[in-house]
Amino acid sequence: MRFRLPILLVSLAVYLSFGFAALAQLPVSAAKPTGRALPVYLDWKTLKCRPAPTCTITRDGTLPPVFFCDHQVVDALPVAQPCIGFARSSSDIREIDLEGLKKILQRDPKDTRPLLVNFWATWCDPCREEFPDLVKLDADYPAKRLNFVAVSLDDIADIKTAVPKFLKEMNATMPVVLLNVNDPEPAIHAVDEKWDGQLPATFLFDKDGKVVFKHFGRIKPEELRSAIDKQVGTKQ
């Protein structure tokens, strides 16, 4: 009798493993809407999934319970593998020109959030080195408190290749635009007359559009957080 319980447990584990394997083969589209979240075992490496608005990737790297996948909400079963983020599509990255940049910098009187703008590029080593700090900062300051936009200065040809690949590797979820201009000088001066175009460059604007913090080169996270806290306060 003492051996029956371990045998039963092993059999149950094998049965469940086959069940999960079968579920893993089902595409998300096969899960027909029933008015509730459906339990589906998802392959996070291939499906284009992003966290639901109320969910964030947890600090220990595990997956949150609810994701938007192919325009429907699914309740994901726990997975043992670390969270690698969603497969970011190039359609998530919007191309802008000088006027588009000016629209980002122009503050809406009804929007009292500070605006954080980081200029970067995949070919810029200091930009790549600082990006994990920006990803963590984006996770710590939700969009309702901070308007954060990352502006890529990569070549337009990289909008479907190097840029989304890098963002996926970084698990980056902040809004990203790619600035495509023939002459960078007007864009530089539109941001800050004293900026010479050095990358990375980070600017924090208050609700009135005034630059209250700027840093050229890799950011010092604590300095930037202190500047943000002065604008948004420490209350969640």
Side-chain angles (χ1 to χ4, degrees), residues 85 88-109 111-139 141 143 146-228 230-232:
R88 185 153 194 158
S89 168
S90 59
S91 62
D92 295 330
I93 306 168
R94 182 167 55 91
E95 176 188 353
I96 62 170
D97 57 12
L98 175 59
E99 291 305 312
L101 176 62
K102 289 180 179 179
K103 288 182 180 179
I104 291 176
L105 299 176
Q106 185 178 8
R107 304 314 314 272
D108 183 347
D111 188 355
T112 59
R113 298 174 300 168
L115 170 66
L116 178 65
V117 183
N118 175 263
F119 293 87
W120 66 285
T122 58
W123 43 259
C124 164
D125 287 340
C127 302
R128 299 174 67 93
E129 292 169 358
E130 83 167 357
F131 219 87
D133 291 328
L134 296 175
V135 171
K136 189 173 186 304
L137 184 145
D138 179 54
Y141 293 90
L146 176 68
N147 184 9
F148 180 19
V149 181
V151 181
S152 168
L153 299 181
D154 284 274
D155 189 271
I156 187 60
D158 295 326
I159 196 170
K160 294 183 178 181
T161 53
V163 178
K165 179 182 178 182
F166 175 75
L167 294 172
K168 178 183 175 181
E169 291 173 351
M170 292 291 104
N171 290 322
T173 61
M174 76 284 285
V176 177
V177 296
L178 188 147
L179 179 61
N180 184 21
V181 292
N182 293 325
D183 182 4
E185 289 299 321
I188 291 172
H189 293 314
V191 179
D192 186 354
E193 290 288 344
K194 296 182 179 180
W195 181 29
D196 62 2
Q198 176 186 351
L199 293 180
T202 304
F203 300 88
L204 179 66
F205 301 83
D206 65 13
K207 62 183 180 64
D208 298 317
K210 179 183 177 182
V211 176
V212 293
F213 175 89
K214 59 184 175 181
H215 185 83
F216 306 127
R218 183 174 179 177
I219 62 167
K220 297 179 180 179
E222 294 308 315
E223 289 185 0
L224 179 54
R225 287 172 182 273
S226 177
I228 294 173
K230 289 179 181 179
Q231 300 301 314
V232 302

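In this text the structure is predicted, and so the values were computed from the model without any measurement. For the single chain, residues carry numbers from 1 onward in sequence order. Both backbone and side-chain heavy atoms feed into the values below; hydrogens, waters and symmetry mates do not.
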Which value, rounded to the nearest 0.5 Å, describes the distance between [X] atom [atom1] and [Y] atom [atom2]?
{"X": "Q198", "Y": "C124", "atom1": "CD", "atom2": "SG", "result": "8.5 Å"}
{"X": "F216", "Y": "F119", "atom1": "CZ", "atom2": "CZ", "result": "10.0 Å"}
{"X": "E99", "Y": "I104", "atom1": "CD", "atom2": "CD1", "result": "12.0 Å"}
{"X": "M174", "Y": "L116", "atom1": "CE", "atom2": "CG", "result": "9.0 Å"}
{"X": "I159", "Y": "D92", "atom1": "CD1", "atom2": "CG", "result": "10.5 Å"}
{"X": "T112", "Y": "D206", "atom1": "OG1", "atom2": "CG", "result": "11.0 Å"}

Within-4.5 Å side-chain heavy-atom neighbours: [X] and [Y]:
{"X": "Q231", "Y": "F205", "answer": "no"}
{"X": "T202", "Y": "E130", "answer": "yes"}
{"X": "V181", "Y": "I188", "answer": "no"}
{"X": "D133", "Y": "R218", "answer": "yes"}
{"X": "V232", "Y": "P114", "answer": "yes"}
{"X": "D138", "Y": "L134", "answer": "no"}
{"X": "W120", "Y": "F131", "answer": "yes"}
{"X": "K160", "Y": "I93", "answer": "no"}

Of the non-hydrogen atoms in [X] and [Y], which two are nearest, and what is the gap between them?
{"X": "I219", "Y": "P221", "answer": "O-CD, 3.5 Å"}
{"X": "L105", "Y": "A190", "answer": "CD1-O, 3.6 Å"}
{"X": "F203", "Y": "A201", "answer": "CE1-CB, 3.8 Å"}

Can you confirm whether more than 12 heavy atoms, excluding those of [X], are under 6.0 Å from its [atom1] atom?
{"X": "K207", "atom1": "NZ", "result": "no"}
{"X": "Q106", "atom1": "CD", "result": "no"}
{"X": "N182", "atom1": "CG", "result": "no"}

(message) Check K210 with D208, please: is the shortest side-chain N to carboxylate O separation under 4.0 Å?
(response) no
(request) Sort out for me which residue in D192, V191, V117 forms a side-chain contact (heavy atoms from CB on, under 4.5 Å) with K214. (result) D192
Under 3.5 Å, side chain of [X] to main-chain N/O of [Y], donor-acceptor pair present?
{"X": "D158", "Y": "T161", "result": "no"}
{"X": "R94", "Y": "V177", "result": "no"}
{"X": "N180", "Y": "E95", "result": "no"}
{"X": "R113", "Y": "F148", "result": "no"}

(request) Could you walk me through whether L98 and D183 pass side chain to side chain contact (heavy atoms under 4.5 Å, CB included), step by step? (result) CA-CA 9 Å; L98 175 59; D183 182 4; over 6 Å; no
